[in-house]
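Okay, so here's the structure we're looking at.
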Amino acid sequence: MITLNHYVALSALLFCIGLLGALGKRNAIAILMGIELMLNAVNINLVAFNRFLQPSQVVGQVFALFIILVAAAEVAVGLALVINIYRRRLDTNIEDLNWLKW
Amino acid sequence: MPDSQAVFFWLLAALVIGSALAVVLLKNIVHSALYLFLTFVGVAGLYILLHAEFLAAVQLLIYAGAIAVLIVFAVMLVRRGDIRLSNLYSIHFLPALVVSLVLFALVAVAVGRQLWLGYLAPPPEEPLVSLARNFLGEYVIAFEVAAILLLSAIVGAVLIVRGRRRSAP
Amino acid sequence: MANLYWIPKAWLIPLLPALAFPFIAFITRKARGLSALTAILAIGVSLVISLGVLWEVIAHGITMDNPVEYSTVWLQIPQLLKIEAGLLIDPLSAVMLLVVTLVAFLVEIYSIGYMEDDPGFSVFFAYLSLFGASMLGLVLANNYFMIYFFWELVGLCSYLLIGFWYHRAEAARAGFKAFVVNRLADFGFLLGFFFLFIIFHTFNFRELAAAIPAYHNVGLLTVAALLVFTGPIGKSAQFPLHVWLPDAMEGPTPVSALIHAATMVAAGVYLLARAYVLFASLPNVMLVVAYVGGFTAIFAATIAIAQRDIKRILAYSTISQLGYMVMAMGVGSMTAGIFHLTTHAFFKALLFLAAGSVIHALHEQDIFRMGGLYKDMKVTTVTFIIGALALAGIPPFAGFWSKDEILAAAYHNGFLGLYILGTLVAFLTAFYMFRLIFITFFGERRAGLHGHESPPVMTIPLGILALLSIFAGFVGTPFTARGFSTFVYYAAPHEVEPDYMVMALSTLVALAGIALAWWLYGRPSDLPERLKESYRWAYNLLWNKFYIDEFYLWIYRRIFWGLAEAFHWHDRHVVDGLWDGVGDVTRASGQKLRYLQTGNLQTYALVFFTAVVVIALWMAGMGGMIR
């Protein structure tokens with residue numbers, strides 16, 4: 001029997017893997033990928049809670065759709081930024097992008 | 001005897017977690033992008049298990065179809081140097097690992113202590129109709145704002161990618 | 001009082017000139033004629049409304065005890081503060097409205113001629129309008145806060161107008177002096193009515209009038225009353241803050257006329273009348289008021305004897321007459337004070353405008369360089385003499401009746417010393433005024449200066465004011481039934497009993513003053529020079545105005561500067577040192593802390609999530625999840 005706990009645990013694991021990618025990688029595109037993983041984890045949570053706690057309604061799915069939508073916009077702008085930075089600096093290494101400091 | 005639901009769940013879970021780990025751990029950004037695609041597909045499978053068929057389709061279309069492809073394009077556009085070392089760990093990898101593990105442990109303990117009395121009632125008859133009612137009813141303003149957001153994201157992305165117009169010929 | 005017509009429109013009286021000010025300043029500034037027309041039209045309509053108001057006040061039996069009040073709450077903090085904006089119309093304000101609008105109207109007409117060639121013609125009319133508006137607002141105010149607001153506006157306008165010819169250093173300095181001296185006094189006034197507010201929780205005159213007689217903490221009330229009295233000391237140029245008024249002569253002469261007759265100095269006396277219930281309940285404060293007024297009267301009159309500048313003599317006579325009015329208030333006759341204010345407004349405006357006519361013709365202010373002007377300037381001479389007779393208190397001119405009422409009040413209320421002093425001042429007044437007349441208008445021409453009569457636009461206001469100076473007194477003679485004293489009064493209306501002894505004595509001393517002036521200056525004689533030589537010290541003392549200015553300057557240089565130096569040192573080293581230290585510490589710590597900003601996004605995100613984990617752990621611990 002698969003319970004809600006299974007889904008929540010899976011989602012938590014996926015979130016943490018995404019977090020690891022977002023915090024621990026050097027390439028800006030890889031960081032974007034990590035963020036996408038985290039967003040997917042959130043979506044799994046939303047849909048699972050919807051399914052197990054309010055099966056007659058679809059509010060969780062509505063929110064998941066909104067998140068997908070925002071994620072698409074975010075990826076588009078994020079990648080545009082990466083490409084722009086690459087064109088100016090020939091670099092996508094996030095550790096070199098540190099000129100926003102003292 | 002495990003039911004088919006459980007079998008599929010464990011298979012999909014293994015797929016999602018395994019490919020997600022590959023996304024993060026592999027050193028070749030192209031491979032990472034491909035495994036990301038696999039993760040998205042796995043998540044879509046989970047949606048089907050959760051009776052969210054429409055969402056699964058959207059997941060495939062947008063995440064697997066559009067976002068993953070967009071990422072691959074970006075990788076191609078900014079490719080430079082040895083592709084096999086294109087996706088290295090940053091200096092923050094170890095602290096990030098610790099934070100992630102502690103966070104997971106925390107959630108896992110919490111989940112383990114809490115048992116939600118989920119009941120598996122049948123899903124709505126017409127989930128799509130229900131979705132549409134929500135989008136065009138209660139959440140119509142958010143829906144419209146989302147449309148504007150998408151539009152501005154498109155325009156913004158184009159503007160940013162084009163960069164500053166060269167003044168000298 | 002259902003069918004009032006003019007009184008509900010009283011708010012227009014200050015508003016019209018107030019609107020004329022921006023209108024002239026922003027729209028008609030280039031068109032000189034239009035500017036003058038706007039200003040005169042505005043004050044003219046105000047004059048008509050004021051007449052209507054006065055008529056209705058008389059016709060509808062509105063007395064001091066049942067005035068008409070329109071009020072609206074302007075600012076309110078419940079339980080704490082309530083500031084009203086409102087109009088109070090009673091016989092007192094009705095009379096003042098008429099005096100102010102009438103004098104301002106005539107002065108503005110006169111100014112067309114006097115300021116003819118001035119490049120600042122339009123601006124001058126704008127300022128005059130604002131000046132009039134401020135004073136009218138002050139007269140109509142129904143509470144201390146509003147009166148203070150207009151009080152300061154009047155001060156501002158006087159500053160602008162005294163320093164109107166600001167390119168002349170003396171004029172700029174005189175404006176500055178007037179402003180600073182008045183500020184000093186205004187601060188006392190401000191503290192005074194704040195005191196009243198703290199005690200009674202209201203600014204409203206009528207509410208205060210009801211509350212004050214029932215209050216018994218005399219000490220606190222005395223402090224408040226004395227502080228309020230500093231306002232009139234400054235505005236109405238009483239000793240020891242009279243020093244600004246003679247210097248204010250640097251302004252254009254119509255301004256002097258306005259300041260001395262209707263707008264500026266009258267404000268102080270008017271405030272005394274408005275706040276009369278406060279003073280009347282405190283005999284000790286009344287005594288202070290009376291003696292300050294009396295001393296100022298004689299003090300300024302003696303100075304006026306030795307002055308040579310035609311406008312300065314008039315200025316000191318104003319101070320002296322203001323002393324009379326304040327003294328009248330102090331000896332308990334608010335009626336006499338306001339009556340004298342009214343008649344004085346007419347004849348002092350007349351004297352200043354006539355003096356202005358002389359100055360306009362000769363471009364000279366030293367009376368010893370004039371002489372024999374009656375041949376060239378008949379109208380000016382005649383009107384000036386009428387004004388001087390009124391000022392000197394020769395019956396039946398206006399000044400006689402009002403001065404007589406003051407002296408009678410002093411005599412009958414038991415202030416014998418002040419009565420003798422007042423009579424002496426009457427003698428001095430007649431003497432210095434006719435010294436001025438004999439030297440300026442008669443005798444032979446000195447310094448070869450020839451005058452010419454001023455244009456009708458200047459002489460017609462002189463004529464009107466001369467008529468008023470002759471006849472205005474009749475509204476308040478002891479022989480007039482139901483006259484001024486049953487109209488403007490404090491506590492109860494009363495009929496003044498004619499006191500022939502007081503009348504005869506004051507007339508006699510005035511005539512004696514004129515005779516002495518004639519004996520010394522009206523005929524060819526070297527007596528004045530010989531007197532001057534033999535009493536050199538006295539002459540110097542008077543010529544230098546008792547060295548009051550020098551004394552203030554000495555205080556300013558020695559004591560004030562010393563204090564300022566000490567405060568400056570304290571400011572520089574203690575206050576600045578403290579805050580510089582705070583700044584230095586902040587800067588130094590910022591210098592070190594800025595290295596926390598690595599600019600690396602992942603570092604920030606890592607810190608962020610670490611914090612999330614730590615907080616989650618802490619909350620889990622609180623919730624008892626981890627044991």
Side-chain angles (χ1 to χ4, degrees), chain A residues 1-10 12-14 16-21 23-27 29-30 32-34 36-37 40 43-44 47-48 51-53 55-59 61-62 64-66 68-73 75-77 79-84 86-87 90 92 94-95, chain B residues 5-6 9 13 16-17 20-21 23-24 29 32 36 39 43 46-47 50-52 55 58 62 66-67 70-71 74-75 77-78 80 86-90 92-93 96-97 100 103-104 107-108 111 115-116 118 121 123-124 127 130-131 134-135 139 142 146 149-150 153-154 156-157 160-161 163:
Chain A
M1 183 67 183
I2 301 300
T3 62
L4 180 55
N5 291 31
H6 289 84
Y7 283 99
V8 175
L10 173 66
L13 189 54
L14 188 58
C16 290
I17 293 168
L19 182 61
L20 181 61
L23 293 183
K25 300 295 273 192
R26 194 178 277 183
N27 192 320
I29 298 177
L32 274 176
M33 291 185 197
E36 292 308 316
L37 290 180
N40 265 283
N43 274 353
I44 291 173
V47 177
R51 171 77 187 116
F52 282 92
L53 300 183
S56 60
Q57 283 170 4
V58 289
V59 180
Q61 294 188 34
V62 168
L65 275 168
F66 275 126
I68 291 175
L69 190 149
V70 173
V75 164
V77 176
L79 288 175
L81 283 171
V82 169
I83 291 169
N84 196 335
Y86 176 77
R87 280 214 301 235
L90 289 180
T92 53
I94 197 89
E95 284 167 356
Chain B
Q5 277 263 335
F9 174 79
V16 167
I17 298 303
L21 278 173
V23 168
V24 173
I29 187 99
S32 290
L36 186 67
T39 315
V43 172
L46 285 174
Y47 289 159
L50 287 167
H51 288 279
L55 205 57
V58 171
I62 294 180
I67 293 180
L70 200 58
I71 286 177
V75 168
L77 280 174
V78 303
R80 184 169 153 269
S86 56
N87 192 13
L88 300 177
Y89 302 135
S90 74
H92 303 296
F93 187 74
L97 188 63
S100 302
L103 189 61
F104 177 67
V107 178
V111 170
L115 187 66
W116 280 286
S130 190
L131 267 177
N134 273 296
F135 270 123
Y139 299 103
L149 175 72
L150 271 181
I154 293 167
I160 292 168
V161 168

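Only heavy atoms go into these numbers, but all of them, side chains included; no hydrogens, no water, no symmetry mates.
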Against chain B, work out which of [options] has the most heavy-atom pairs shorter than 4.5 Å and name it.
{"options": "A:Asn27, A:Leu14, A:Leu20", "value": "A:Leu20"}
{"options": "A:Ala30, A:Gly34, A:Ala9", "value": "A:Ala30"}
{"options": "A:Val8, A:Ile68, A:Val59, A:Ile83", "value": "A:Ile68"}

Examine whether an atom of [X] lies under 4.5 Å from a heavy atom of chain A, and if so say whether it belongs to the side chain, the backbone or both; otherwise answer neither.
{"X": "B:Val75", "result": "both"}
{"X": "B:Ala66", "result": "neither"}
{"X": "B:Ile62", "result": "side chain"}
{"X": "B:Leu36", "result": "side chain"}
{"X": "B:Thr39", "result": "side chain"}
{"X": "B:Ala13", "result": "both"}

Check ring-ring contact (aromatic ring centres under 6.0 Å, His included) between B:Phe135 and all other residues, then give those that pass, not counting sequence neighbours.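 Partners of B:Phe135 by the ring-ring contact (aromatic ring centres under 6.0 Å, His included) criterion, ordered by chain and then number, come out as A:Phe66, B:Phe143.
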
Excluding sequence neighbours, so at least two apart, what forms ring-ring contact (aromatic ring centres under 6.0 Å, His included) with B:Phe104?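 ring-ring contact (aromatic ring centres under 6.0 Å, His included) check on B:Phe104 returns nothing, list empty.
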
Largest heavy-atom contact set with chain A, pairs under 4.5 Å, which of [options]:
{"options": "B:Ile67, B:Leu97, B:Leu103, B:Val107", "result": "B:Ile67"}
{"options": "B:Val16, B:Asn134, B:Ile17, B:Leu46", "result": "B:Ile17"}
{"options": "B:Ala153, B:Ser100, B:Ala157", "result": "B:Ser100"}

In the structure I gave you, are the side-chain heavy atoms of [X] and [Y] within less than 4.5 Å of one another anywhere?
{"X": "A:Leu79", "Y": "B:Leu77", "value": "no"}
{"X": "B:Phe93", "Y": "A:Leu23", "value": "no"}
{"X": "B:Ile29", "Y": "A:Met33", "value": "yes"}
{"X": "B:Val161", "Y": "A:Leu81", "value": "no"}
{"X": "A:Gln57", "Y": "B:Ser130", "value": "no"}

Sub-3.5 Å donor-acceptor pair from the side chain of A:Lys25 to the main-chain atoms of B:Ser90, do we have one? no

